[in-house]
Protein chains: 2
Amino acid sequence: MISASLEDYLEFIHNTILEKKEIKAIDISKAFNISRPSVSEALIRLADMDLIIYEGRKGIKITKKGIEQAKKTVKKHQILSDFFVEILMIDKQTAEKNACKIEHVIDDEIIEKMKKYKESKLKNNEQS
Amino acid sequence: MISASLEDYLEFIHNTILEKKEIKAIDISKAFNISRPSVSEALIRLADMDLIIYEGRKGIKITKKGIEQAKKTVKKHQILSDFFVEILMIDKQTAEKNACKIEHVIDDEIIEKMKKYKESKLKNNEQS
DNA sequence: ATAAAAAGTAAGGAGTACCTAACAATGATA
DNA sequence: TATCATTGTTAGGTACTCCTTACTTTTTAT
């Protein structure tokens, strides 16, 4: 199993590549406020797990497997955050912060139920 | 901050004392499937944090501070599990398993909203 | 072109949470 | 009472995730 930290980094790598086409180790260092050596280490671990291809200064590429993994996390994050905001009326910031932590431990089953619950709730509101 | 593991052990200590009046290190070892030395170590850390009083074979006592802490966790656990079962229709076992993990990372604010949401939902069902 | 800044790596350290093997103390029992 | 099982501790080890300090490599700017 991938750890919460590594999952966070992978998620960030994925999102950043989508947004800006590329990412460097230093970006992760800045985003998470961790030292450059810690990033190096984390990237080596992600590469060991075949989630990224890391060739030092030559750049960071995300593998197919890494994209799958990252997408799963992003989806969980999104559904959690939306559920908190739209159903529980939590403020956006708190919702995001908590989604970031819960996404690493919650089962897919609950995520799916949250999604369906939200969808049916919104449908009901349209009708009224 | 207390770690998820220590919080689990403290929760178990609290629940067991309520149920059976006393608890021994070996009970924790069996309950969580961790070695006796690991339990020793964890109990020393909990004692360092003034959450328990640990005097080896003389027994484990939970402090006032420890009870507060444990109660908070138990409450979070209960509300999460109930919310999953009653609102999201998750099966009891999955609900419990996930509550065990999420209770360590979720903010009080969301727990309170979950509780209120569930209460108002149940009230509405009574009326209909 | 060279000096300085930026980015990355290597080496070594710390804390947490586990482990096993071996030992000590306590308790039960034959 | 002597022995054996149970419980707990000590010592030493692993893996993870972070750190700092001190390098090297690359890029940038003068």
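Letters A, B, ... mirror the listed sequences (proteins, then strands); counts begin at 1.
Taking the side chain as every heavy atom from C-beta outward, A:I60 and A:K24 never approach each other to under 4.5 Å. Side-chain atoms of A:I110 and A:F83, non-hydrogen and from C-beta on, never get closer than 4.5 Å to each other. In this structure, the side chains of A:V39 and A:I26 stay at 4.5 Å or more apart for every pair of heavy atoms. Taking 4.5 Å as the limit, every side-chain heavy atom of A:E68 sits out of range of all side-chain heavy atoms of A:T63. A:I28 has its side chain within reach of A:L43: a pair of non-hydrogen atoms, C-beta onward, lies under 4.5 Å apart.
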Below 3.5 Å, can you tabulate the donor-acceptor pairs from side chains in residues 87-106 of chain A to any protein atom, sequence neighbours excluded?
residue : atom : partner : partner atom : Å
A:D91   : OD1  : A:T94   : OG1          : 2.7
A:D91   : OD2  : A:Q93   : N            : 3.3
A:D91   : OD2  : A:T94   : N            : 3.1
A:D91   : OD2  : A:T94   : OG1          : 3.1
A:E96   : OE1  : A:H77   : NE2          : 2.8
A:E96   : OE2  : A:S81   : OG           : 2.9
A:K97   : NZ   : B:D107  : OD2          : 2.9
A:N98   : OD1  : B:D107  : N            : 2.8
A:N98   : ND2  : A:T94   : O            : 2.9
A:N98   : ND2  : B:D107  : OD2          : 3.0
A:K101  : NZ   : B:V105  : O            : 2.8
A:E103  : OE1  : A:H77   : ND1          : 2.6
A:H104  : ND1  : A:E7    : OE1          : 2.5
A:H104  : NE2  : A:D8    : OD1          : 2.8
A:H104  : NE2  : A:C100  : O            : 3.0

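Taking B:F12 as the reference, B:F32 meet the ring-ring contact (aromatic ring centres under 6.0 Å, His included) condition, with sequence neighbours excluded.
Taking both residues in full, the closest heavy atoms of B:M49 and B:M1 are given as CE-O, 4.5 Å, listed atom of the first, atom of the second, then distance. The heavy-atom pair separating B:A70 from B:E11 by the smallest distance is CB-CA, 4.5 Å.
No more than 12 heavy atoms of other residues, nucleotides or ligands lie within 6.0 Å of NZ in B:K61, so this atom counts as exposed by the packing criterion. Under a cut-off of 6.0 angstrom, the local environment of CD in B:E112 is crowded, with over 12 non-hydrogen atoms contributed by other residues, nucleotides or ligands.
Note: B:E86 CD to B:I79 CD1 = 11.5 Å, rounded to the nearest 0.5 Å. Taken from CD in B:Q69 to CG in B:L10, the straight-line distance is 6.0 Å, to the nearest 0.5 Å.
Scanning DNA chain C 5' to 3' for nucleotides with an atom closer than 4.0 angstrom to a non-hydrogen atom of chain B gives a first and last hit of C:dA17 to C:dT26. First and last contacting nucleotides of DNA chain D toward chain A (any atom under 4.0 angstrom from a heavy atom, 5' to 3' order): D:dT17 to D:dT26.
Residue A:S3 is classed as a sugar-phosphate contact, given heavy-atom separations below 4.0 Å to backbone atoms only.
Annotation: proximity of residues 41-49 of chain B to DNA chain C (heavy atom, distance under 4.0 Å) is found for B:E41, B:R45, numbered in ascending order. Using a 4.0 Å cutoff on non-hydrogen atoms, the parts of residues 32-40 of chain B near DNA chain C are B:N33, B:I34, B:S35, B:P37, B:S38, ordered by number.
Residues A:R57 and A:I2 each lie close to DNA chain D; by heavy-atom proximity, the contact nearer the 5' end of the strand is made by A:I2.
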